[in-house]
Protein chains: 2
Amino acid sequence: MERTVRYSKKREAILATIQGTSCHPSAEWVYQQLRPLHPDLSLGTVYRNLTFFRERGLVQSVGVVQGQERFDAITTPHSHFVCNCCGTVLDLPDICPEGGLERTVSTQYGFAVERCELTFYGLCPNCTDQQNLKEETLS
Amino acid sequence: MERTVRYSKKREAILATIQGTSCHPSAEWVYQQLRPLHPDLSLGTVYRNLTFFRERGLVQSVGVVQGQERFDAITTPHSHFVCNCCGTVLDLPDICPEGGLERTVSTQYGFAVERCELTFYGLCPNCTDQQNLKEETLS
DNA sequence: CTCCTTAACAATACTTATTCTTGTTATGCC
DNA sequence: GGCATAACAAGAATAAGTATTGTTAAGGAG
């Protein structure tokens with residue numbers, strides 16, 4: 001009794017939306033994007049399909065940012081930067097020799113490392129500027 | 001295991017064609033009528049469906065005229081005139097008390113008459129004129 | 001023989017039944 | 001309180017079954 005996967009326009013639209021953006025969206029963001037074209041879309045369907053895609057490796061989780069899980073359609077290993085102020089998530093390609101780190105952990109501790117997630121948190125340049133402005137006006 | 005009847009555009013078109021004319025057409029005539037709109041229609045399909053309609057009482061046969069069977073979508077009892085020259089078939093409504101004839105046969109001979117076909121053969125006015133013209137020019 | 005009609009059979013198309021997907025609502029959880 | 005999952009009926013896509021068609025060949029009447 002193998003479960004067969006069926007085509008649906010909404011599933012396709014959800015996947016296309018996350019694949020067509022680089023903003024590492026949340027379920028809610030995908031939902032709001034699709035509502036104009038799919039007025040009868042349900043938020044539950046977005047959640048279900050994101051889980052569905054993750055299980056099949058079409059999408060990966062970037063983690064929870066400000067209470068919302070964020071997703072990424074690029075599933076090759078790469079690092080992320082998360083701004084704690086505005087919630088922006090950015091890719092950090094080639095920022096760090098991840099393979100090298102994995103190898104280090106593997107050889108030094110004898111662990112079999114399957115995957116390595118490397119995420120930096122902090123303030124993006126934009127939010128840093130605004131923070132400085134606020135401090136200047138206060139002083 | 002009852003045979004279910006299915007819808008098909010061609011069957012519908014064939015029925016509409018015969019119902020939309022008063023010329024008592026042959027299979028070939030119906031076929032030629034439909035070819036522009038249904039280029040992939042097959043003559044076999046026309047024959048099959050005419051038989052199909054006759055079996056269900058949607059159509060009745062007027063008999064064979066000049067080698068071709070002719071059909072009629074009017075299934076209430078009425079008489080016909082067939083021109084042996086041009087092949088035209090015409091309805092003759094109320095020309096003759098058919099019910100009366102049936103009753104006569106039924107009562108005089110004890111037959112159970114189910115149906116009565118009354119068809120006249122001869123020359124239509126048009127062909128009669130042309131026949132006369134030809135004779136005049138010859139004499 | 002020729003032409004009209006039917007038969008045979010594979011390919012196509014319609015319908016039904018199955019069950020996957022969705023919307024809605026309620027529930028869990030941090 | 002807000003994000004995420006669970007439950008279940010309603011809706012929709014697929015698969016299986018079989019009716020319909022196209023094609024070709026064969027039958028039959030004139």
Side-chain angles (χ1 to χ4, degrees), chain A residues 1-18 24-56 58-72 82 87 89, chain B residues 1-18 24-56 58-72 82 84 87 89 121:
Chain A
M1 301 304 140
E2 52 184 308
R3 177 187 167 88
T4 64
V5 174
R6 288 184 187 170
Y7 171 85
S8 95
K9 284 194 171 177
K10 294 179 181 169
R11 170 170 293 163
E12 183 180 24
I14 291 167
L15 185 58
T17 299
I18 189 171
H24 308 77
S26 64
E28 179 70 28
W29 189 91
V30 172
Y31 177 59
Q32 294 300 341
Q33 286 289 312
L34 289 174
R35 276 183 65 169
L37 269 84
H38 300 266
D40 61 339
L41 178 64
S42 159
L43 184 57
T45 297
V46 177
Y47 277 112
R48 255 187 310 240
N49 276 289
L50 289 175
T51 302
F52 177 90
F53 295 143
R54 182 171 46 198
E55 287 169 349
R56 279 147 210 271
L58 293 170
V59 150
Q60 70 180 5
S61 175
V62 183
V64 175
V65 176
Q66 294 176 336
Q68 298 193 149
E69 184 165 18
R70 304 283 282 270
F71 296 89
D72 190 347
V82 176
V89 175
Chain B
M1 298 303 139
E2 54 184 307
R3 179 186 166 86
T4 65
V5 174
R6 289 185 187 169
Y7 171 85
S8 95
K9 285 193 170 177
K10 295 181 180 169
R11 172 170 293 163
E12 184 179 23
I14 291 167
L15 185 58
T17 299
I18 189 171
H24 308 76
S26 63
E28 179 69 29
W29 189 91
V30 173
Y31 177 58
Q32 295 299 342
Q33 287 289 311
L34 289 174
R35 274 182 68 167
L37 270 84
H38 300 267
D40 61 339
L41 179 64
S42 159
L43 184 57
T45 298
V46 176
Y47 276 112
R48 255 187 310 240
N49 277 288
L50 288 175
T51 302
F52 177 91
F53 295 143
R54 180 172 46 198
E55 287 169 349
R56 279 148 210 273
L58 293 169
V59 149
Q60 70 180 6
S61 174
V62 183
V64 175
V65 176
Q66 294 175 337
Q68 297 193 151
E69 185 164 19
R70 305 282 284 269
F71 296 88
D72 191 347
V82 176
N84 287 325
V89 176
Y121 296 88

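Order of the sequence lines fixes the chain letters, A, B, ..., with proteins taken first and strands second; residue numbering starts at 1 for each chain.
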Once you apply a heavy-atom cut-off of 4.0 Å, does A:Val5 come out as touching a base, just sugar-phosphate, or nothing? sugar-phosphate
Heavy atoms from C-beta onward define the side chain here; which of C:dC14, C:dT24, D:dG22 lies closest to that of B:Tyr7? C:dC14
Within less than 4.0 Å of OP1 or OP2 of D:dA4, is there a side-chain N or O belonging to A:Tyr47? yes
Whole Å only: how far is the CH2 atom of B:Trp29 from the C1' atom of C:dT5? 20 Å
If you apply the rule side-chain contact (heavy atoms from CB on, under 4.5 Å), what do you find for A:Val46 with A:Glu28, and how did you get there? CA-CA 8 Å; A:Val46 177; A:Glu28 179 70 28; over 6 Å; no
Tell me whether the side-chain N/O atoms of A:Ser8 come closer than 4.0 Å to OP1 or OP2 in C:dT21. no
For the residue pair B:Arg48 and B:Thr51, confirm or rule out a side-chain donor-acceptor distance under 3.5 Å. no
Quick one: which of D:dT5, C:dG23, D:dC3 gets closest to the side chain of A:Arg48? C:dG23
Does C:dA13 have OP1 or OP2 sitting under 4.0 Å from an N or O in the side chain of B:Lys9? no
Figure out the CG/C1' separation between B:Leu41 and D:dG22, and round it to whole Å. 10 Å
At less than 4.0 Å, is any side-chain N or O atom of B:Arg11 found next to OP1 or OP2 of D:dT20? Yes or no. yes
Tell me the interatomic distance from B:Lys10, atom NZ, to C:dC14, atom P, rounded to whole angstroms. 10 Å
Euclidean distance, atom CD of residue B:Glu12 to atom P of C:dC14 [Å, nearest integer]: 12 Å
Which nucleotide in D:dA4, C:dT5, C:dG23 has an atom nearest any side-chain atom of B:Glu69: C:dT5
Kindly say whether, by distance alone, the side chain of A:Arg6 makes a donor-acceptor pair under 3.5 Å with the base of C:dT19? yes
Does A:Phe52 have A:Arg11 sitting over its ring (NZ/CZ under 6.0 Å from centre, angle to axis within 45°)? yes
Establish, from distance only, whether the side-chain atoms of A:Thr17 and A:Gln33 form a donor-acceptor pair under 3.5 Å. no
Rounded to the nearest angstrom, tell me the gap between atom CZ in A:Phe71 and atom P in D:dC3. 13 Å
